[in-house]
Amino acid sequence: MAELPSTARVVIIGGGAVGCSILYHLAKMGWSDCLLLEKNELTSGSSWHAAGNCPNFSGSLAVMKMQAYSTDLFTRLGDEVDYPMNYHVTGSVRLAHSQDRMDEFRHVTAMANHLGLEMDMVSNAQMKEVYPFMETHDILGGVWDPNDGDIDPAQLTQAYAKGARNLGAKVIRFCPVSGVRRENDEWVIETEKGEVRCEFVVNAAGYRAQEVGRMFGREVPCATMAHQYLITEEIPELEAHGKLLPLLRDPDSSYYLRQEKNGLLLGPYEEQATPHWITKNDPMPEDFSFQLYPDDLERLEWYIEDACARVPLLGTAGVTRVVNGPIPYAPDGNPLIGPMPGVPNAFEACVFTFGIVQSGGAGKVCAEWIVEGETDGDMWAVDPRRFTSYATHEYCVEKAKEIYAHEYAIHFPAQEWPAGRQARTSPLYEKLKAKGAMFGAAAGWERPVWFPRPGKDEAVQKASYHHTNWLDAVREECLAIRDRVGLMDLCGFSRFEVSGEGAAEWLRGMVTGALPKAGRIGLIYFATEKGKILTEMTITRFSEDHFLLITAAAAEWHDRDWLEQHIPAGSPITIENKTGSWTSLVVAGPKSRDLLSSVCNKDFSNEAFPWLTHQPIEIGMARGFAVRVSYLGELGWELHLPIEHVLGIYDKLWAAGEPYGIIDYGMYAMESMRLEKCYRAWKHDLTNDYSMFEGGLERFIRLDKPTPFIGQEALRKEKEAGVKQTFAPLLLEDGSADAVYLSSVWKGDKRIGFVTSGGYGHRIEKSIALATIDIDCAAEGTELEVEVLGERRKAVVAREPLYDPENERLRA
Ligand SMILES: Cc1cc2nc3c(=O)[nH]c(=O)nc-3n(C[C@H](O)[C@H](O)[C@H](O)COP(=O)(O)OP(=O)(O)OC[C@H]3O[C@@H](n4cnc5c(N)ncnc54)[C@H](O)[C@@H]3O)c2cc1C
């Protein structure tokens, strides 16, 4: 058996499909001085017993890209590493029982085609051609993915390991990692066979990721569920059929069904989701290698009957084998791949629910993080930093149960899922709830999304791709803000107070543009080394070296780590995270000045308090500061207050606001109004899928700044070479749905970009899509089409902003 080396550049903890793929991809990128440590035998976690299905289909672009990379790799890997594998490319059909499902299929198919993947909408007759044993009388149609299939997961894992070893990387089995420590900027990995010093470390420990995470002081958000499939006896008709049937997925009934040799393999995601090892009375065993849970077919009865009705052949054969194995779930069902939050030079690639089909892409992504410091394309959907302190054990278990039971559910835009709610609430939560507010959660924070109108709206949150029950109420909110004044509890912003000698100069090197002068506020953008969009913050400058940086609720750990990791060692600059202790109320609309003047002894006139400035304020019994800015495009102020004051100040503003026709409004009104102003939203219009130039942010880049900044070289080169894509606001002809995130944009028969945000603008009475498109199609007035749920809708390129182009209402 191989000896444990004393050093390695990277140590990967865990030898399942994912860990071995990372080792292989690192070696492929030229990093062969890497070591994988496996507690038991390779594949002994979840990988040995997986069903091995390999779909490309996913509602997330990042996940679809990973899966497509894998399915392509699987066709070559055996030859590349000289390890033949059972990989069957059978194609798959996915069935739709409803128009909503058809809409989802049309949207995802367009996304796949946009990536260059083959995937098609098909009729029942077409499905019957490839799957003659299926009943289709109650089906509306489906999707055909010709590159779907199944792979032997153990062989795949061994193939990655062999490929890595061929390139000089090392694998040591039966070598559990028992601890880690940080010494002299290196990691020391502790095992019973000795210690290894390394520069980087990866937690690829599958469902044991929490155990390994704790060695780093990190609580990995994860819950282990039991997932089962059954395999039948041989079925003579399948043998007679002569070729493998495609995979069949019935997402509305929630199962997959595929041919396994001459039998069938059925795997449901059942309503009664069953977590394991979640209480202190049921701890995870020290060793569960190559083990399974007891069979529990009772849970699957309904699904088995449903599948037998769909494919009557299934009911003709007995069950020969049941596999009931551990499968880890993150709170949104996507894996964790990327930097370990708050821990230097440590990465996570764990908690995979579809870790076989995602292993290839995950290996590539994780290797890119380590070798290049960033990924080729946006990977926020799987970034470990997307969950922050609210993702406790209980949260993870509740969300895992919800996701498991809805594994195949449609994720509509603006859908607010019920599990794991009230993780973080503002002091105004109960008050707004009593007023009827409907809530959505952002990074655990409950925020009002809309207010049903008494006597007019049903107080339910209906989800749809199409305009739904809240549209009219949101229109009223928008118009009331336009004409009068609105008040919103905008809790949950991530806030970092940056101060100390040299803070300004340090920030100049971090951001692409200029800093505002003291007393003013501004927008600052951070780019990656490759010039891609990293993040956006609102900066409030109190004095030469004293700033408040405000950023998206979801960005808290992402942005915190970026800032903290870039502070030079020994620097006097400090960063204080004030996310939970301060909050904001937004007062917006033409009457906001009158309202604020009536409760606050301050001059809110244009001369005394101009646009994009800030001042300390005292209202009632609170001291804070006000910022003259509005994401809604109307005259307005944000009031920033210590959180304990917000209830009293809300009451005071509300009471004083009644003569001005004050209303409460929610996030959906804000979303509609920011679209009209073309203000960008993080991880929609601002992602590292494109550069600062491609995001239309040229006015925030100062290439000639005396202070060098991150991304400067890449942006300079891009500008010299010529920018190929840009941001464009599009106005769509009316329809029952607005453009969905990642809808394709067409010019004639050419796909020229995709939608980054879509929605209805109630002030301009138009359906809006913000998009990133080829630069030569971006001239104002260019006629294009946007493919919304399979329908090509006419669209025209407009000029930003779409509402109040001279910002007169903001400066009023
Ligand atoms: C019934 C079932 C069916 C499935 N079907 C599919 C499917 O069709 N398609 C699909 O894509 N996915 C499927 N999955 C999911 C898939 O099995 C997992 O997502 C995948 O195996 C995860 O791979 P991994 O490498 O992340 O984790 P694992 O395979 O669990 O590997 C983690 C490894 O880390 C090791 N380890 C843990 N702690 C330590 C330590 N301290 N030191 C050293 N090593 C350690 C473990 O021993 C283990 O070998 C299925 C799962 C189940 C249960």
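One-based numbering, in listed order, for ligands and for the atoms of each. Everything numeric in this text was worked out from a predicted model, so none of it was measured. The residues of the chain are indexed from 1 along the displayed sequence.
- In terms of polar-atom proximity, V212 is not counted as a contact of ligand 1, lacking any N or O under 3.5 Å from an N or O of the ligand.
- By the 4.0 Å N-to-carboxylate-O rule, E38 lies too far from R173 to be salt-bridged with it.
- Ion pairing of K261 with E234 is absent here, as no side-chain N (NZ or NE/NH1/NH2) approaches a carboxylate O to less than 4.0 Å.
- For atom 42 (N) of ligand 1, the closest heavy atom belonging to the protein is V177 N, 2.9 Å.
- When heavy-atom distances to ligand 1 are checked against a 4.0 Å cut-off, V357 comes that close through both its backbone and its side chain.
- A salt bridge is absent between R299 and E271; no separation between the charged side-chain nitrogens and carboxylate oxygens falls under 4.0 Å.
- A salt bridge is absent between R214 and E211; no separation between the charged side-chain nitrogens and carboxylate oxygens falls under 4.0 Å.
- Proximity of C350 to ligand 1, defined as any heavy-atom pair under 4.0 Å, is not found for any part of the residue.
- In this structure, K364 forms a cation-pi arrangement with Y69, its terminal cationic atom sitting closer than 6.0 Å to the ring centre and no more than 45° off the ring axis.
- Among protein heavy atoms, atom 5 (N) of ligand 1 sits closest to A51 N, 3.0 Å.
- Taking atom 34 (O) of ligand 1 as the reference point, the nearest protein heavy-atom neighbour is G14 CA, 3.2 Å.
- The option with the heavy atom closest to atom 48 (C) of ligand 1, from among R173, H49, E38, is E38.
- Taking only nitrogen or oxygen atoms, main chain and side chain alike, A50 does not reach within less than 3.5 Å of ligand 1.
- Near S44, with a cut-off below 4.0 Å to any heavy atom, the atoms of ligand 1 are 47 (O), 49 (O).
- Checked against a 3.5 angstrom limit, the closest N/O atoms of S47 and ligand 1 fall inside it.
- Scanning the protein heavy atoms around atom 27 (O) of ligand 1, the nearest turns out to be G206 CA, 3.5 Å.
- Ranked by closest heavy atom to atom 9 (N) of ligand 1, the top entry among N53, V18, D287 is N53.
- Atoms of ligand 1 found under 4.0 Å from any heavy atom of G15, numbered from 1 in the order shown, are 33 (C), 34 (O).
- R385 is listed as a side-chain neighbour of D561, based on a closest heavy-atom distance under 4.5 Å.
- Residue contact check: Y229 has heavy atoms under 4.0 Å from atoms 1 (C), 3 (C) of ligand 1.
- At the top of the distance list for atom 20 (C) of ligand 1, counting protein heavy atoms only, stands G355 CA, 3.8 Å.
- Two rings, from F216 and W187, have their centers less than 6.0 Å apart.
- The residues D332 and K399 are annotated as not salt-bridged, no charged nitrogen and carboxylate oxygen being separated by less than 4.0 angstrom.
- Remark: aromatic rings of H406 and W417 are close, center separation under 6.0 Å.
- Against a heavy-atom cut-off of under 4.0 Å, R208 is close to the following atoms of ligand 1: 37 (C), 38 (N).
- Taking every heavy atom of F354 and a limit of under 4.0 angstrom, the matching atoms of ligand 1 come to 10 (C), 11 (O), 12 (N), 19 (O).
- Residue contacts with ligand 1, taken as heavy atom pairs separated by less than 4.0 Å, involve A204 solely via the backbone atoms N, CA, C and O.
- Looking at ligand 1, you won't find any N or O of N40 less than 3.5 Å from one of its N or O atoms.
- A 4.5 Å side-chain heavy-atom check between L245 and F133 finds at least one atom pair inside the cut-off.
- Atom 15 (C) of ligand 1 has as its closest protein heavy atom T353 O, 3.2 Å.
- At under 3.5 Å, not a single nitrogen or oxygen of G325, backbone or side chain, sits near a nitrogen or oxygen of ligand 1.
- Under a 4.0 Å criterion applied to the non-hydrogen atoms of L37, ligand 1 contributes the atoms 43 (C), 44 (N).
- Remark: E183 engages R181 in a salt bridge, criterion side-chain N to carboxylate O under 4.0 Å.
- Taking the six-membered ring for Trp and the full ring otherwise, the centers of H49 and F290 sit at least 6.0 Å from each other.
- Residue contacts with ligand 1: F352 is placed with a nitrogen or oxygen under 3.5 Å of a nitrogen or oxygen of the ligand (distance criterion only).
- At under 3.5 Å, not a single nitrogen or oxygen of P176, backbone or side chain, sits near a nitrogen or oxygen of ligand 1.
- For ligand 1, the polar-atom distance check against K39 finds a nitrogen or oxygen pair separated by under 3.5 Å.
- Between E135 and P312 there is a side-chain heavy-atom pair separated by less than 4.5 Å.
- Ion pairing of R208 with E286 is absent here, as no side-chain N (NZ or NE/NH1/NH2) approaches a carboxylate O to less than 4.0 Å.
- Remark: distances from the non-hydrogen atoms of S289 to ligand 1 are all 4.0 Å or more.
- Between I356 and ligand 1, at least one N/O pair is under 3.5 Å apart.
- Under 4.0 Å from ligand 1, heavy atoms of H227 appear from its side chain as well as its backbone.
- Ranking protein heavy atoms by distance to atom 28 (P) of ligand 1, first place goes to S46 N, 3.5 Å.
- The cationic atom of R94 (NZ for Lys, CZ for Arg) does not lie both less than 6.0 Å from the six-membered ring centre of F105 and within 45° of the ring axis.
- The closest protein non-hydrogen atom to atom 51 (C) of ligand 1 is I327 CD1, 3.4 Å.
- Ring-centre distance between F387 and W557: not below the 6.0 Å cut-off.
- Counting heavy atoms under 4.0 Å from ligand 1, residue W48 does not touch it at all.
- A salt bridge is absent between E3 and K193; no separation between the charged side-chain nitrogens and carboxylate oxygens falls under 4.0 Å.
- Shown in contact with I13 at under 4.0 Å from a heavy atom are these atoms of ligand 1, numbered in order with element: 40 (C), 42 (N), 43 (C).
- D689 is listed as a side-chain neighbour of K65, based on a closest heavy-atom distance under 4.5 Å.
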